[in-house]
Amino acid sequence: MSNKKKVDIVIVGAGLAGLTAALELKKHNYSYVVLEARSRLGGRIHSTISSDGVTVDLGAQWIGPHHKRMLGLIEEFGLQLVPTFRTGKTIYEMQGKRKQTNGKLPIMSPIVIADIMKMKRKIDKISREIPSGAPWTSKLAQQLDKITVAELIKTILLTKAGVSFAKLLIEEALCANVYEVSALDFLWCIRAAGSIDHLLAAEDYWIAEGAETLINRISDSLGETIQLNQPVQRVMYNEKKVTVYTGKESWQAKKVIVTTPPNLLTRISFDPPLPARRVQLSERAGLPSVIKLICVYERPFWREAGLSGTAYSDQTPVKLTIDSSPLDGRRGVLTILIGGDSARQIETLPLKLRQIEVKKALVRLFGEKAAYPIAMFEKDWSAEEWTRGGYATHFATGVISQFATSLTSPVGPIHWAGTETASEWRMYMEGAVQSSERVVHEVIHEITKE
Ligand SMILES: Cc1cc2nc3c(=O)[nH]c(=O)nc-3n(C[C@H](O)[C@H](O)[C@H](O)COP(=O)(O)OP(=O)(O)OC[C@H]3O[C@@H](n4cnc5c(N)ncnc54)[C@H](O)[C@@H]3O)c2cc1C
């Protein structure tokens with residue numbers, strides 16, 4: 001192994017959190033290096049281009065009107081936002097029945113609508129009791145962390161149709177089954193987003209050039225300070241300094257910022273070992289299963305049938321579809337999300353059979369023309385060695401109240417970032433940027449104190 005190189009700060013991970021942390025450190029004239037395990041930048045952001053020039057996002061894509069940091073970056077790096085196509089009817093497929101509606105809610109009886117509205121009010125009210133930077137300190141933490149989201153919505157909602165509808169929307173937003181996630185985790189996400197309506201409607205825009213173009217432009221502005229194919233394997237530290245080892249090189253620094261999803265922390269060996277609570281948290285921090293699939297068609301044929309391209313379904317495998325056609329309409333692009341148990345069922349099939357299953361579901365939703373995409377792209381995020389799922393970590397019952405207290409607490413010179421540590425828009429790109437803002441402030445404060 002070559003001699004140790006020296007910088008002020010080592011950043012582990014070149015996802016959005018790592019790169020925006022680097023951007024901020026550069027502005028403050030600190031020296032740094034970003035060490036990335038993959039052979040590409042972006043982490044959970046990854047775009048590709050079809051043979052006829054259509055850009056598709058295989059990972060994170062959408063941005064909401066409240067994502068002020070993301071909107072700022074998009075402007076700073078000269079990218080174009082496309083409003084998500086919403087003209088026409090949305091399809092809701094629940095319990096074998098298909099409904100189309102022009103409004104935000106499927107056609108339901110006034111009793112069911114009142115039930116859902118009451119649930120939203122109640123959930124917003126409870127979420128306001130949860131501090132978004134430290135949910136474990138809430139007086140409701142223990143109680144809410146004992147029940148799943150499934151139990152929470154069942155206690156609040158009085159109608160069966162209300163429960164089915166809430167489950168449909170929440171499972172898509174969390175990318176997990178409601179029985180897998182603690183109610184405290186869900187309410188924390190709502191608090192971090194501002195309200196349940198914000199959380200359920202964060203898909204208003206996407207980046208015309210693809211989200212990865214943002215990553216590439218940030219990295220171009222950083223210069224030669226990012227190292228790909230450098231999985232961090234070992235971190236040795238004391239109160240004064242830290243040495244970070246990859247298989248090939250080692251770096252000595254005053255501080256290290258770790259931005260990996262918390263589940264992957266278990267792949268790094270720390271010397272001395274991290275506090276037990278921090279390790280146990282990582283061991284309980286798996287990401288839900290998710291497959292993102294994109295079908296490119298000759299044209300957006302669903303628009304001609306008066307459909308917006310948005311469809312929610314509780315049937316396997318397709319959970320959500322959204323129109324992501326280029327602005328000039330030269331091709332039709334349907335983005336498809338398959339999460340939770342649907343993803344686990346379908347990922348065992350060979351690619352061809354998987355695509356057949358998806359096309360069958362699309363035909364059910366949009367008609368025969370959906371069977372004939374001219375191209376299909378797919379990424380199974382659970383199979384990605386350096387992510388292992390998506391959209392982001394959700395904790396099962398008992399974890400946040402017992403273990404998450406250590407989520408953002410620095411350990412000596414080691415500081416934590418990444419969307420999972422965000423207090424605003426946790427799980428989203430916006431959360432990744434907010435976490436880097438917080439961690440850079442923290443690190444600079446510590447260094448200037450020394
Ligand atoms: C399918 C999917 C769809 C999504 N859709 C949206 C969306 O529409 N809108 C939205 O806002 N968000 C969305 N998200 C969530 C969004 O992608 C994340 O919130 C955000 O990108 C997380 O950024 P991050 O930097 O915190 O983590 P990551 O992007 O995971 O970056 C962490 C980096 O650390 C690297 N790494 C891991 N271990 C090591 C190691 N030992 N050494 C060195 N490097 C290491 C990883 O390779 C990775 O590059 C989606 C996610 C997925 C998977």
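Start at 1 with the first residue, then count along the sequence. Order of appearance sets the numbers: ligands from 1, and atoms from 1 within every ligand. The structure displayed is predicted, hence computed values, not measured ones.
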- Item | Check ion pair Arg330-Asp52 (N to O, under 4.0 angstrom) | no
- Please list all pairs passing the ring pair (Phe, Tyr, Trp, His ring centres under 6.0 Å) test where one or both residues lie in residues 398-440, with sequence neighbours left out.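 Those involving residues 398-440 are His67-Trp425, His67-Tyr428, Trp425-Tyr428.
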- Output the set of protein residues with a heavy-atom contact under 4.0 Å to ligand 1, ordered first by chain identifier and then by residue number.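 Close residues (ligand 1, cut-off 4.0 Å): Val12, Gly13, Gly15, Leu16, Ala17, Leu35, Glu36, Ala37, Arg38, Gly42, Gly43, Arg44, Ile45, Gly59, Ala60, Gln61, Trp62, Gln230, Pro231, Val232, Thr259, Thr260, Pro261, Leu264, Ile268, Trp381, Trp386, Gly390, Tyr391, Gly418, Thr419, Met427, Tyr428, Met429, Ala432.
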- May I ask you to check if Arg40 and Trp386 form a cation-pi contact, with NZ or CZ under 6.0 angstrom from the six-membered ring centre and within 45° of the axis? no
- Message: Testing the basics here: between Ile130 and Pro135, what is the closest heavy-atom pair and its distance to 0.1 Å?
- Response: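 Closest heavy-atom pair between Ile130 and Pro135: CG2-CB, 3.5 Å.
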- Task: Mark yes or no for whether Arg44, through its side chain, and Tyr391, through its backbone, hold a donor-acceptor pair below 3.5 Å.
- Result: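 Yes; judged by distance alone, with no hydrogens or angles, the pair exists.
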- Task: Measure the shortest side-chain to side-chain distance between Thr421 and Arg438 over non-hydrogen atoms and say whether it is less than 4.5 angstrom.
- Result: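 They are in contact (side-chain heavy atoms under 4.5 Å apart), so the answer is yes.
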